[in-house]
2 protein chains.
Amino acid sequence: MTDATTGAPPLVHEVLAAVLQVRQGSLRVLLWERAMEPHAHRWSLPGGRLRADEDVEASIRRQLAEKVDVRQVSHVEQLAVFSAPERVPGPRVVATAFLCLVPSHLDPELPEDTAWQPLSALPRPAFDHESIALRARNRLRAKLSYTNIGFALAPPVFTISALRELYSAALGYRVSATNLQRVLSRRGLLEPTGQTARPGRAGGRPAAQFRFADSTMAVTDPFAVLKPPADERGK
Amino acid sequence: MTDATTGAPPLVHEVLAAVLQVRQGSLRVLLWERAMEPHAHRWSLPGGRLRADEDVEASIRRQLAEKVDVRQVSHVEQLAVFSAPERVPGPRVVATAFLCLVPSHLDPELPEDTAWQPLSALPRPAFDHESIALRARNRLRAKLSYTNIGFALAPPVFTISALRELYSAALGYRVSATNLQRVLSRRGLLEPTGQTARPGRAGGRPAAQFRFADSTMAVTDPFAVLKPPADERGK
DNA sequence: ACAAAAGTGTTCAAAATACACCCATGA
DNA sequence: TCATGGGTGTATTTTGAACACTTTTGT
């Protein structure tokens, strides 16, 4: 706000969403194929221009509504600002990117040009959208470890082995059901529903069903180390 | 980028810095007292308007140069976007906020209207700057736990008890020198210089001096839990 | 009865906290 | 030699990973 009204160059602020979901055993991101230049036939994150009467979060929710039912999005959080002057051709566009999650049991209707693409093999992405998508994946992976964000990937009720598959897909490596169960239980994130799921055709013991105790994001392991001393920790 | 050139309302993008330093045993933030409206006599974070040829990080470094010597800033990272439509009076301004750190041994020359204010008792802050400053503090606190970010608060060479004071001030609770030493050493963050500091007037054993092995930020405790299984963890 | 899947008990290892005690210096 | 701050050794606790074994089902 130093140089007040110096014939300011045009500036557009856009919001972009990396909407992630685990489908068919892999972590995927919602992309649409650009029909027109610039970057025709390359794949873009959904998003659009920030309007005058909304903040960035309201904006991304509105824009997303054009692609997926917003009620299906279980978590939205700011990721970062992308502002390289030439990040898109033409007039300058600064972008605020978001990480959004959709639980695995939902399969929203999508427009023709839109698809869930695996993060491990993205088709030619537009602009800087690949790095945004990968940043979203990294954020999700980190948060699976020290928050309850798993609730946003999972259906309302699930078995431990189903949850294990979600975590494995999102993290990119095999997670042990035993340990997953214990870690999440000790932290009080999981609560048993009392129900059990019927085993598959191959038999096997019926699996107990659980739900997440909370469905808003919270940090559950606040300090990895350097915790306050025991007496100051009490409250 | 949906509604392309619809007589767009004016939009300004500013960058703001929460510059933190530990001084006199407490964590402080650099603020300047506004002389003029709006919010005259309230305290603002330094910052200013994003220019056409720079990205947000370049911009904050440039703006900061007007307040403190940029070479004295040991760390800069994006915090978040603040975009409530009415966050400042007048034409709309979207802000990208940064967390910046200055090591405790430096005492940059400051303009007349600028001062280091304790985060625990901020004077009347302007606009939404208090929440930005507090967000910066929280980010710093979290990162002290799982990254090497301490390097950015400490002088190039220091004793463990000096480092303990920095961590205590930043975290807001007493940190044990013994454990601090061990945790940082085990992670390979600290290296001994071989030098010792002369004891104070009251005597006492001379303290060994250390330095941080690295002075760019790195995550040192990547997964609190749900680590990959041992065999997949190797590389 | 047996295979398959789920769940529990137990062991093991690592890492962090707590605390006691020893070390090196100034007065 | 004693008070003062610094450092090390060690015990305790917590937490997560690994693995063996039991439970419950379908065929």
Side-chain angles (χ1 to χ4, degrees), chain A residues 144-146 150 157-168 171 173-210 220-234, chain B residues 144-146 150 157-168 171 173-210 220-234:
Chain A
L144 281 173
S145 203
Y146 65 93
V157 163
F158 48 84
T159 65
I160 296 298
S161 66
L163 191 63
R164 189 189 69 77
E165 276 159 32
L166 294 176
Y167 273 72
S168 296
L171 290 171
Y173 52 77
R174 205 157 302 284
V175 171
S176 134
T178 303
N179 296 333
L180 181 64
Q181 222 258 41
R182 280 192 235 224
V183 168
L184 299 186
S185 295
R186 180 170 19 213
R187 293 188 178 166
L189 303 193
L190 290 185
E191 40 189 47
T193 63
Q195 308 289 79
T196 59
R198 260 185 315 292
R201 50 237 151 277
R205 175 172 172 174
Q209 294 187 306
F210 293 82
T220 56
D221 190 19
F223 301 92
V225 292
L226 303 178
K227 299 195 220 312
D231 42 358
E232 281 177 58
R233 209 181 303 152
Chain B
L144 282 172
S145 202
Y146 66 92
V157 162
F158 48 84
T159 65
I160 295 298
S161 67
L163 192 63
R164 188 189 69 77
E165 276 159 32
L166 294 177
Y167 273 73
S168 296
L171 290 171
Y173 54 76
R174 206 157 300 283
V175 171
S176 137
T178 304
N179 296 332
L180 182 63
Q181 224 257 41
R182 282 194 232 221
V183 168
L184 299 186
S185 295
R186 177 171 25 220
R187 292 186 178 171
L189 303 193
L190 290 185
E191 42 188 46
T193 63
Q195 308 288 79
T196 60
R198 262 187 310 293
R201 50 237 152 276
R205 175 171 171 174
Q209 294 188 309
F210 293 83
T220 57
D221 192 20
F223 301 93
V225 293
L226 304 178
K227 296 194 219 317
D231 42 358
E232 282 178 58
R233 208 180 303 151

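Just so it is clear, the values below take in all heavy atoms, side chains as well, and ignore hydrogens, waters and symmetry mates. Residue numbers start from 1 in every chain, and the chains themselves are labelled A, B, ... in the order their sequence lines are given, proteins ahead of strands.
If you check every strand for non-hydrogen atoms under 4.0 Å, A:Ala177 touches nothing. Residue contacts shown for A:Thr178 include a base, since a base heavy atom lies under 4.0 Å away. Residue contacts shown for B:Arg182 include a base, since a base heavy atom lies under 4.0 Å away.
Residue A:Ala202 has its side chain nearest to C:dA5 when only D:dT4, D:dG7, C:dA5 are considered. Counting only heavy atoms from C-beta on, B:Arg201 has its side chain closest to C:dA27 among D:dC19, D:dT15, C:dA27. Distances from the side chain of B:Arg205 to the nucleotides C:dA6, D:dG6, C:dT17 place D:dG6 closest. For B:Asn179, the listed nucleotide lying nearest its side chain is C:dT17; candidates were D:dG7, D:dG16, C:dT17. If you check D:dT24, C:dG7, C:dA27 against the side chain of A:Ala207, the one that comes closest is C:dG7.
One interatomic measurement links the two molecules: CZ of A:Arg174 to P of D:dA17, which rounds to 16 Å at whole-angstrom precision. At whole-Å resolution of the value, CD in A:Gln195 and P in C:dA6 are 17 Å apart. For the pair B:Leu189 CG and C:dA16 P, the interatomic distance rounds to 11 Å; values are reported in whole Å. Taking atom CG of B:Leu180 as the reference point, atom P of C:dA15 lies 17 Å away to the nearest angstrom. Atom-to-atom, CG of B:Leu171 to P of C:dT17 comes out at 11 Å; the value is rounded to the nearest Å. Counting to the nearest Å, the C1' atom of D:dG7 and the CG atom of B:Leu190 are 14 Å from each other. If you measure from atom OH of B:Tyr173 to atom P of C:dA18, you get 11 Å, rounded to the nearest angstrom. Distance, B:Phe158 CZ to D:dG7 P: 12 Å, rounded to whole Å.
Considering only side-chain N and O atoms, B:Gln181 lies under 4.0 angstrom from the phosphate OP1 or OP2 of D:dT8. At least one side-chain nitrogen or oxygen of A:Arg186 sits closer than 4.0 Å to the OP1 or OP2 atom of D:dG16. The side chain of A:Ser176 places no N or O atom within less than 4.0 Å of a non-bridging phosphate oxygen (OP1 or OP2) of D:dA17. Between B:Arg198 and D:dG5 there is no side-chain N or O to OP1 or OP2 distance below 4.0 Å.
Residues in residues 191-202 of chain B take part in these salt bridge (Lys or Arg N to Asp or Glu O under 4.0 Å) pairs, two or more places apart or across chains: B:Glu191-B:Arg211.
Between B:Thr159 and A:Pro199, the residue anchored closer to the 5' end of DNA chain D is B:Thr159, taking for each the nucleotide with the nearest heavy atom.
Distance check: B:Gln209 CD to B:Leu190 CG gives 13.0 Å after rounding to the nearest 0.5 Å. A:Arg182 contributes atom CZ, which lies 15.0 Å from atom CZ of A:Arg187 (distance to the nearest 0.5 angstrom).
Within the 4.5 Å cutoff, the side chain of A:Leu180 has heavy atoms near those of the A:Leu184 side chain.
Remark: side-chain polar atoms of A:Thr220 are paired, donor with acceptor, to backbone N or O of A:Tyr146 under 3.5 angstrom.
By the side chain to side chain contact (heavy atoms under 4.5 Å, CB included) test, A:Ala202 pairs with no residue at all, sequence neighbours left out.
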